[in-house]
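Each chain gets a letter, A, B and so on, in the order its sequence line appears, and its residues count up from 1. Every value quoted in this text rests on a predicted model; they were computed, and no experiment measured them.
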There are 4 protein chains.
Amino acid sequence: MLEQISTSKSEILDAAAHCFMTLGVESASVDDIAAQLGSTKGRIYHHFPSKGALLATVQLRAAGFTYRAVEGLIDANLPAVKSLDRMARGHIYEVLNSLAYHKVILQTYTAGTQAKKMSRVEMDLQEQIRTGHRQYEMLFRTEVARGISEGSFQDRNLTAAVAGLLLVLNSPVFWFRPERGASQEFIDTIARDISSMALASLRA
Amino acid sequence: MLEQISTSKSEILDAAAHCFMTLGVESASVDDIAAQLGSTKGRIYHHFPSKGALLATVQLRAAGFTYRAVEGLIDANLPAVKSLDRMARGHIYEVLNSLAYHKVILQTYTAGTQAKKMSRVEMDLQEQIRTGHRQYEMLFRTEVARGISEGSFQDRNLTAAVAGLLLVLNSPVFWFRPERGASQEFIDTIARDISSMALASLRA
Amino acid sequence: MLEQISTSKSEILDAAAHCFMTLGVESASVDDIAAQLGSTKGRIYHHFPSKGALLATVQLRAAGFTYRAVEGLIDANLPAVKSLDRMARGHIYEVLNSLAYHKVILQTYTAGTQAKKMSRVEMDLQEQIRTGHRQYEMLFRTEVARGISEGSFQDRNLTAAVAGLLLVLNSPVFWFRPERGASQEFIDTIARDISSMALASLRA
Amino acid sequence: MLEQISTSKSEILDAAAHCFMTLGVESASVDDIAAQLGSTKGRIYHHFPSKGALLATVQLRAAGFTYRAVEGLIDANLPAVKSLDRMARGHIYEVLNSLAYHKVILQTYTAGTQAKKMSRVEMDLQEQIRTGHRQYEMLFRTEVARGISEGSFQDRNLTAAVAGLLLVLNSPVFWFRPERGASQEFIDTIARDISSMALASLRA
DNA sequence: AATGAATGAGGTTTCATTCAT
DNA sequence: GATGAATGAAACCTCATTCAT
C-alpha cells in the first residue's frame, strides 16, 4: 500500500490534484495538467496510462494521507470520546493540509453513478480505493462502537452514524478557501469546532 | 421570482435533472437529455440557450422546491428547537422527493470553482442562484440564532453552524437510492433520525 | 421586370439587406432578419421560399435601383464624356442612397464561385440577376464605345474598360460609412471626385 | 513580424487559402480544408486555435506577400509616376501569383463589419492585419503625395485617391481565372494595362 | 524521459426549414 | 398572415490517446 513514488510522478499528482480541484475533474484536461506542470502531455502519459488512472492515483494518495495521519492517533486506553476527538482533529488538519486531494475525492463521490467504461488498470485502482476507504471507515467504526458500549453515544445504526460523522469532518472541503491565507489560529478553531459538532451529533 | 414554466420546458428540466443525476453534470450530454425526452437536441435548444443555462435553471428550480417547502413551516411562536425540527424534516422530505434536482445542486457545489467562460444569461442565472441560496440559508440562520439566544444551542460561529446543519440535512443525497423503493415508513425514519442528529450537533 | 411588391415584402427586403450588410450574407441568420423586423421567421417564410430566394430578391432589387436611376440620365446628344459623367454621378448617388443593397451585391460577387446546390426558384432568380447585370453594363458599354469612337477615350478592350469603370464607381461601397452622418456637401464631393477619377482612367 | 512558419503550418495555410477562395470564407468548413490537405481537422486545430485565427493568418500572409514584393521596388530617385508604375506592376504580379490569398482578403473586406464575438488571439491578429494594411497603404501614399507635389497628379484627397488606386490594382482578383492557364505574355499585358489605367485615374 | 504532431470520436451549438395552429 | 415548436444536418471545437523521434 505504501508504494514508493518518484519525484516526477509526485509532481504530476500534485499538478493533477490542483487542476482537478480548481477546474473540476471532468473539465480539467490532460493539457491543463501538463500546462500546470510546465511540460507536455507526453510526460504524463509516460508515467500514467490514462487520465482515469491518474485520477484514481490521486484519490488513492488522498486516502493514504488521512489514513496515515489518523492511524497513529487512536488510543484505546482513552475513553472513546477522547480518542475520537484526537482522530477527528487529525483528520481535519490533514484535510486542510492536502485540500486539493480531498476536493477530488469529494467530486468523484458526488458525480454520476452510472459508470463509464473503465480499463482493467483503472478497475484495479478503483478496487484499491474502495478497500482503503473501508479500512479507514473501520478505524472510526471501531471507536464509535466503543463509545456506544461505553454509553457516551446514542445507540444508532453504526453505518449511518459513521457516515454522518465523516461527512461533518469533511465539511471544510465544501467551503474552506486556502487562497485567502488562513492563520494557524483559524485552522485550530475550525478543527476544534467541527470536531466538537461532529461528536455532539453522536452523543446520547 | 416564481416564473411560469411551460409544460414542454418543465419536461425538459425533469429529463435534464435525471440525466445530470445519473450520468453526472459533465458527462451527461445534451444528446443524452434529448434521448431521455424521446426527442432531439433541437427541442432543448429551442427552449434553453445553452447547456449551462439549462443546468442553472435546474438548480434554480431545486432551490425553489426546498424554499417553498420550508418557508411555511417556520413557527416563531414555538421554541427554536421545535421550529427548526419542523424545518429540518420538511427539508429532508423535499430533498427525498425531488432527489434528482438536489443531486445536481450537490455536484455543482463540489465541482471546480474557477469559472469557465460563461455567457451573460448564464451569469445572470448564477447570480439568481446565489441570491436564492443566501435567502434560504437566512431562514435557518435566523432560527439557529434564536436557538442560541434561547440557550438551547451552543454559541458557535453562525456561518459554520448553519453550513454544518444544512450539510447533514442534505446528507441523504449522498446515499439514498430511490430506485430500491423506499417505504413511507423508512422515509419517516430517515427524516426523524437525520433531523435529530443535525439538531444534536448544535446543542449546548 | 418591375413587379409590384407589397409593403410587407418590401419591409422584409429592407431588413434582409440591412442584416446582410451589417452581419454578412452568410453570418446573418433568418432569425436575425426576423429580429430586425420585430417579428418571427414565419413571416419571412410566408413571403419567400428560402433564404437564398430572399437574398436573390435583394440583389435583384439593388440592380433595379441603379438601372432605373441611370437609364434616364443617358443623353446621346451630349458628347459621350458628358453623358457618362451624368450616368456615373447618378450611379454613385444611388449606391450611397441604397448602400445596404449594394453591399450585398458586392459580397455575392466576391464570395466563392463553386456554387452550392440551389433550388429551381433560386436558379431562375440568379438568371434574372445575370441578365439584369448584362443589360446594365450594356448602358455603359454603349457610351464608352461612343467615347472611344469620338476619340475621347483610349481604345482599349471594352469589357476590361467597363469593368474597371464600374469597379471605381462602386468603390464607395467598400469604405463609405453612412452611420457617420455624411453631409450632402460631402456626398456631392464624393460623387464628383469618383466620377472624375473613373473617367480619367479611360481617357486617351 | 516575419515569423518563421513550419512546413506543416504552411501547407495548412495554402489549403485554407484555396478553400476560402473557391468555396468562400464562410462556406468553407474546417472539414473542407482538412479534406483538401488529405488529413483531419485535428491537424488544423493542433496548429491554429480556431477557424478565425486560421483565416486571420491567411490574411496576414497575403499582406506580407505584397508588402515584401513592393517594398524593394520603390525608387525615390525616379519621378513618382515611374516609381509608382514599378510598384503597381509589382503588386499586380504578386496578386496574380498568390491569387487565392488575395481573394480571401477581398472577401473579408466586403463581409459584414459588425464583429461576431472574437477570441483574444483573433483580435490580436486582426490588429496586426490592420497595422500591416496601414503600413502598406503608406508606401503608396508617400509616392502619390510626391507625384502630386511634382505636379504629375491632380491634387485630390489622398485617402480617396490611394483607396481608388489600390482598388484598381486589385481588380484582377475579381475576374482573373488562373485555371484557364494564362500565358506569361497575357499576364504581362494585364500588369501593364491595369497599371496604366490606375495611374491615369490619378493624373492631373 | 519527454516532445510535438496527428487522430478520431464525441461534444455543444447554429440554423434553414417544416408544420400545426 | 403570422407564430412557436420542433427537427436534422452540419458546423466548430475539445480532448484523451497514439506514435515517431
Respond yes when some side-chain nitrogen or oxygen of A:Ser27 is under 4.0 Å from OP1 or OP2 of F:dT14, and no when none is. no
Heavy atoms of D:Leu54 and D:Ile44 approach each other most closely as CD2-CG2, 4.0 Å
Tell me whether the OP1 or OP2 atom of E:dA5 has a side-chain N or O from D:Thr40 closer than 4.0 Å. no
Counting only Watson-Crick or G-U wobble pairs whose two distances fall under 3.5 Å, which nucleotide matches E:dT21? F:dA2
Ion pair A:Glu122/A:Lys117, N-O distance below 4.0 Å: no
Provide the Watson-Crick or G-U wobble partner of E:dA1, both distances under 3.5 Å; none if there is no partner. none
Check if the side chain of B:Lys41 and the base of F:dT7 share a donor-acceptor pair of N or O atoms closer than 3.5 Å. no
Verdict with reasoning, C:Arg61 to C:Asp14, per side-chain contact (heavy atoms from CB on, under 4.5 Å): CA-CA 10 Å; C:Arg61 209 181 204 204; C:Asp14 285 342; 3.3 Å; yes
Atom-to-atom span, CG of D:Leu23 to P of F:dA10 - whole angstrom: 15 Å
Can you measure B:Lys9 atom NZ to F:dA5 atom C1' for me and round it to whole angstrom units? 12 Å
Quick note, C:Lys51 side chain, CB onward, closest among E:dT17, F:dT17, F:dC13 is E:dT17
Figure out the CG/P separation between A:Leu55 and F:dA16, and round it to whole Å. 12 Å
Can you tell me how far P of F:dG4 sits from CZ of C:Arg43, to the nearest Å? 13 Å
Which part of the nucleic acid does C:Ala28 contact within heavy-atom distance under 4.0 Å: base, sugar-phosphate only, or nothing? sugar-phosphate
Identify, between B:Gly42 and D:Asp32, the residue whose nearest nucleotide on DNA chain F lies closer to the 5' end. B:Gly42
Here the pair of heavy atoms bringing C:Ser8 nearest to C:His47 is OG-NE2, 3.4 Å
5'-most contact on DNA chain E: D:Ile12 or B:Glu122, nearest heavy atom basis? D:Ile12
Does B:Ser50 place a side-chain N or O at less than 4.0 Å from the phosphate oxygens OP1/OP2 of E:dT12? no
According to a strict under-4.0 Å criterion, is D:Ser29 in side-chain N/O contact with OP1 or OP2 of F:dA10? no
Check the distance between E:dA16's C1' and C:Met118's CE and give it to me in whole angstrom. 17 Å
Would the B:His133 and B:Tyr109 ring centres measure less than 6.0 Å apart? yes
Residue pair D:Ser39/C:Pro49 against DNA chain E: nearer the 5' end by closest nucleotide is D:Ser39
Kindly point out which of E:dT7, F:dT17, E:dT12 is positioned nearest to the side chain of A:Tyr45? F:dT17
Rounded to whole Å, please give me the gap between CZ in C:Phe48 and P in F:dG1. 12 Å
Base-pairing mate for F:dG8 - Watson-Crick or G-U, with both contacts under 3.5 Å: E:dC15
Take atom CD1 of D:Ile44 and atom P of F:dT14, then tell me their distance rounded to the nearest Å. 14 Å
Take atom NE2 of A:His46 and atom P of E:dA2, then tell me their distance rounded to the nearest Å. 6 Å
Using atom types as modelled and distance alone, determine if a side-chain donor or acceptor of B:Lys51 lies under 3.5 Å from a backbone N or O of B:Ala28. yes
